2 protein chains.
Amino acid sequence: MPHRLNERRIAETALGLVDAEGVDGLSMRKLAAALDVSPMSLYTYYPDREAVLEALTQLVLAEVDVPDEDLDWRETIRQIMRSIRRVGLRHPHVAPLINRFPPRTPDALAFVEAGFRAFRRAGFDDVSTARCYRALAVYSMGTFDVELSGYFDQHPGGHAGTDSLAAPSMERHLPNLARIGPALAGQDDGAEFEYGLELLLTGFAAAMGAGGSR
Amino acid sequence: MPHRLNERRIAETALGLVDAEGVDGLSMRKLAAALDVSPMSLYTYYPDREAVLEALTQLVLAEVDVPDEDLDWRETIRQIMRSIRRVGLRHPHVAPLINRFPPRTPDALAFVEAGFRAFRRAGFDDVSTARCYRALAVYSMGTFDVELSGYFDQHPGGHAGTDSLAAPSMERHLPNLARIGPALAGQDDGAEFEYGLELLLTGFAAAMGAGGSR
DNA sequence: ACCTGAACACCGTTCAAGT
DNA sequence: ACCTGAACACCGTTCAAGT
């Protein structure tokens, strides 16, 4: 009765390691050590390290909340998108993996199905729904990219470049960048997320009204 | 007169390796071999592998075209965004790096400055310009994520899952996903990109008219 | 300063073998 | 089937040394 290894326990332990030390901090050897087994025993359950990363991503995607069924389609999408963002903020090191591995397990697909249901209830046809889903996927992934890796923190003109030696030369050659930098650095992540989200929802609604499906 | 090593030549050779073999295919040892020097000589020019990846990304960002100055602001943004997408398609293995490393060199920042100029000419204030720029950054990065890694090709309900053994059970438990899958698989990347882009531009224009800056 | 070879501390995964 | 230890073919980077 030694170790009771199984797919789920391996994925959960791997998720803990990635949350704690980042994706690069997850090695098959460290994972095995954390489970108190030999490295090669993991290969009974997963063909390679990539499969472990995919599996741990499914666990995280399953954390996305499914809204109540009686909501307006806009509010349903808002709640799903906000929950996705919260999950990303809770697992910042997993966010890049979410952008690589689509949901696959039934638990991970629950929020996708819920979103599709909302569009259908609202009268969107399948092609329009696919189009909206794609736009929302693009938006959540892009949000992870800019928000969770401090993209604008390192962006010249933002906080980083302001008081560097290069600043005078930047004002000369890139005056607009220099002027807009502070506005970029002062952005509120949550507010910008809501702004873009409403912009998408408004666009979807307009396409609907113009004859998207009826 | 041996090797004439320098920052740029290293970055260009590294870009060639990444284009050919992917990010994982770039090792300091292989890069050194391609330049016919010892691995450690690279560390005279770059502190570590990460810095080499950042440098090669700057080279790629510098490939983005800067539109003519006499264009409408919408058309300026369209042309910049399309050029970014083309650059990503030309260097698919570099796209994930573009999502991690902001433009830093003057050449890489040229298109950013051009975009800021266009917004300014159109009367956007700095805060609105920063907001639009962020939304466009989110959009281009999300586009790279979904388009260049075949996100929807592996997505259940799309091409992959259709004729698998799990299909019947999926139709039972995730009926909307099953129905919308084909529409997702049939999407035209270019058309969807244009759709989302117009949606953003329309939203920006509406915010302007409603008193964004005047 | 620029470049080197040797070494250190790791990797993922294959293999042959055990139960 | 499940798990093991040893080995292979790599890594990035430190170090001490050369010019």
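Quick caveat: nothing in here was measured; it's all calculated off a predicted structure. Note: hydrogens, waters and symmetry copies are ignored here, and every other heavy atom, side chains too, is used. Protein chains get the first letters and strands the later ones, always in sequence-line order, with residue 1 at the start of each.
- At distances below 3.5 Å, at least one donor-acceptor pair connects side-chain atoms of Q154(B) with backbone N or O atoms of S149(B).
- Nucleotides dC2(D) and dA17(C), compared at atom C1', are 13 Å apart to the nearest Å.
- Nucleotide dC11(C) holds its P atom 13 Å from the CG atom of L42(A), rounded to whole Å.
- Ring pair Y133(B)/H155(A) is perpendicular by interplanar angle, where above 60° counts as perpendicular and below 30° as parallel.
- The number of heavy atoms from other shown groups lying within 6.0 Å of CZ (R120(A)) does not exceed 12.
- Of the candidates dC2(C), dG5(D), dC11(C), dG5(D) carries the atom nearest the M40(A) side chain, counting heavy atoms from C-beta on.
- A side-chain donor-acceptor contact under 3.5 Å links T129(B) to the backbone of D125(B).
- Closest contact between the side chain of L5(A) and the listed nucleotides dC3(D), dG12(D), dT13(C) involves dC3(D).
- Whole-Å rounding puts the D24(A) CG to dG12(C) C1' distance at 14 Å.
- When every heavy atom of E113(B) is checked against every heavy atom of L177(A), the shortest pair comes out as OE1-N, 2.8 Å.
- Rounded to an integer number of Å, the gap from L26(A) CG to dC10(C) P is 16 Å.
- Relative ring orientation between F119(A) and W73(A) is described as tilted, the plane-to-plane angle lying within the 30° to 60° band.
- The number of heavy atoms from other shown groups lying within 6.0 Å of CZ (R179(A)) is above 12.
- The interatomic distance linking K30(A) (NZ) with dC10(C) (C1') rounds to 10 Å, in whole Å.
- R131(A) places no side-chain N or O within 3.5 Å of a backbone atom of Q187(B) that could act as its donor or acceptor partner.
- At dC2(C), none of the side-chain N or O atoms of S41(B) fall inside 4.0 Å of OP1 or OP2 (strictly under the cut-off).
- Contacts between residues 45-54 of chain B and DNA chain D, counted as heavy-atom distances below 4.0 Å, involve D48(B), R49(B).
- Atom-to-atom, OH of Y43(A) to C1' of dG18(C) comes out at 20 Å; the value is rounded to the nearest Å.
- For the P atoms, the distance linking dA9(D) with dA9(C) amounts to 22 Å, nearest Å.
- The distance between atom CZ of R29(A) and atom C1' of dT4(D), rounded to the nearest whole Å, is 14 Å.
- Within the 4.0 angstrom heavy-atom criterion, no nucleotide atom of any strand lies near L31(A).
- The separation of dC8(C) from dC11(D), taken at their C1' atoms, amounts to 12 Å, rounded to a whole angstrom.
- Using bins of under 30°, 30° to 60° and over 60° for the plane-to-plane angle, the ring pair F193(A)/Y139(A) lands in the parallel bin.
- Taking only side-chain atoms of S38(B), from C-beta outward, the nucleotide of dG12(C), dT4(C), dG12(D) with the closest atom is dT4(C).
- Proximity of a side-chain donor or acceptor of E147(A) to a complementary backbone N or O of L89(A) within less than 3.5 Å is not detected.
- Listed candidates were dT4(C), dT13(C), dC3(C). Nearest to the side chain of T44(B) is dC3(C).
- For DNA chain D, runs of at least 3 consecutive pairs of the Watson-Crick or G-U wobble type, with both hydrogen-bonding distances under 3.5 angstrom, map to C:4-8 with D:12-16, C:12-16 with D:4-8.
- Distance M28(B) CE to dC3(C) P: 13 Å, rounded to the nearest Å.
- The distance between atom CG of L35(A) and atom P of dT4(D), rounded to the nearest whole Å, is 11 Å.
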